[in-house]
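Structure, as structure tokens:
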Amino acid sequence: MDESEVLVAAAREARERAIAPYSGFRVGAALRTTSGVVVSGCNIENASYGLTTCAERVALLKALSDGHRDFVLIAVVADAIAPVPPCGPCRQLLWEYCGDIPVVLASLTAVTARLQLAELLPFPFDRRSL
Ligand code: THU
């Protein structure tokens, strides 16, 4: 398995742990650090709806909290034929901490898209604007 296959497998596994009773839409994400550590996350919903946290954000905040600072790749898995990309707020957070990393989108059985974060967030607000 190459590094993106490993990451997609980790995201699929994380998706199994999704807490998504309201939408029924289970998502898994996995980040790979420059040192090869894989940190995964699943979406965690809340009855308030608005406090729901996406899989990408769970993976990113877990990794940051564990002290990881350098990331090379993220994989996102959902049960959909069309690619499921990170939402806007997740793109912003990923940009802040990961920069222009490759984003691999996958279904339960296949990779559906592979693109750079800069393609998803082409004109970002970041520290350079401050
Ligand atoms: N969701 C994610 O976890 N990541 C995405 O990229 C898109 C949406 C979650 C949030 C919510 O729990 C459910 O999917 C439906 O929006």
Side-chain angles (χ1 to χ4, degrees):
M1 279 208 275
D2 73 12
E3 91 176 14
S4 65
E5 286 171 333
V6 168
L7 217 54
V8 167
R12 286 195 185 119
E13 209 175 295
R15 181 184 165 277
E16 296 295 319
R17 297 187 286 274
I19 304 173
Y22 304 107
S23 72
F25 193 70
R26 300 159 77 83
V27 184
L31 270 166
R32 184 183 171 89
T33 71
T34 44
S35 55
V37 175
V38 172
V39 183
S40 66
C42 59
N43 55 329
I44 301 176
E45 297 187 346
N46 184 274
S48 71
Y49 290 20
L51 287 177
T52 289
T53 308
C54 294
E56 297 89 326
R57 236 174 298 174
V58 171
L60 178 62
L61 297 182
K62 271 176 67 181
L64 291 171
S65 181
D66 284 349
H68 301 294
R69 293 291 182 270
D70 298 301
F71 303 96
V72 290
L73 183 64
I74 184 168
V76 182
V77 167
D79 185 9
I81 293 162
V84 173
C87 74
C90 284
R91 294 177 196 197
Q92 179 71 25
L93 275 175
L94 288 167
W95 182 260
E96 178 83 22
Y97 297 106
C98 306
D100 189 20
I101 54 168
V103 180
V104 175
L105 307 177
S107 68
L108 302 192
T109 53
V111 169
T112 51
R114 185 184 169 105
L115 60 179
Q116 290 294 126
L117 188 59
E119 296 176 78
L120 292 168
L121 195 66
F123 187 35
F125 173 77
D126 58 27
R127 69 183 66 217
R128 292 171 298 187
S129 302
L130 297 174

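Start at 1 and go down the list; that is how both ligands and their atoms are numbered. The structure displayed is predicted, hence computed values, not measured ones. Throughout, numbering of the chain's residues begins at 1 and tracks the sequence.
Contact annotation: Ala78 has no heavy atom less than 4.0 Å from any atom of ligand 1.
A ring-centre distance under 6.0 Å is not found for Phe71 and Tyr97.
The protein non-hydrogen atom at the shortest distance from atom 15 (C) of ligand 1 is Ser23 OG, 3.7 Å. Among all non-hydrogen protein atoms, the one lying nearest atom 16 (O) of ligand 1 is Phe25 CD2, 4.7 Å. Protein heavy atom closest to atom 9 (C) of ligand 1, with residue, atom name and distance, is Asn43 ND2, 3.6 Å. Atom 12 (O) of ligand 1 has as its closest protein heavy atom Glu45 OE2, 2.5 Å. Closest to atom 6 (O) of ligand 1 among all protein heavy atoms lies Glu56 OE2, 2.5 Å. Of the protein's heavy atoms, Thr52 CG2, 3.9 Å lies nearest to atom 10 (C) of ligand 1.
With distances taken over non-hydrogen atoms, the option nearest atom 7 (C) of ligand 1 out of Ala80, Pro85, Ala55 is Pro85.
In terms of modelled atom types and a separation under 3.5 Å, the side chain of Glu45 and the main chain of Ser23 share a donor-acceptor contact. Between the side chain of Gln92 and the backbone N or O of Phe125, at least one donor-acceptor pair lies under 3.5 Å. Side chain of Arg69 to backbone of Leu64: a donor-acceptor contact under 3.5 angstrom is found. Side chain of Arg26 to main chain of Asp79: no donor-acceptor pair is present (N/O by atom type, distance under 3.5 Å, no hydrogens or angles). Of the possible donor and acceptor atoms, one in the side chain of Glu5 sits under 3.5 Å from a partner among the backbone N and O of Asp2.
The atoms of ligand 1 that sit less than 4.0 Å from any heavy atom of Cys54 are 1 (N), 2 (C), 3 (O), 4 (N).
In Pro86, the part holding a heavy atom less than 4.0 Å from any atom of ligand 1 is the backbone.
The minimum heavy-atom distance between Cys87 and Arg57, with the atom names listed, is SG-NH2, 3.7 Å.
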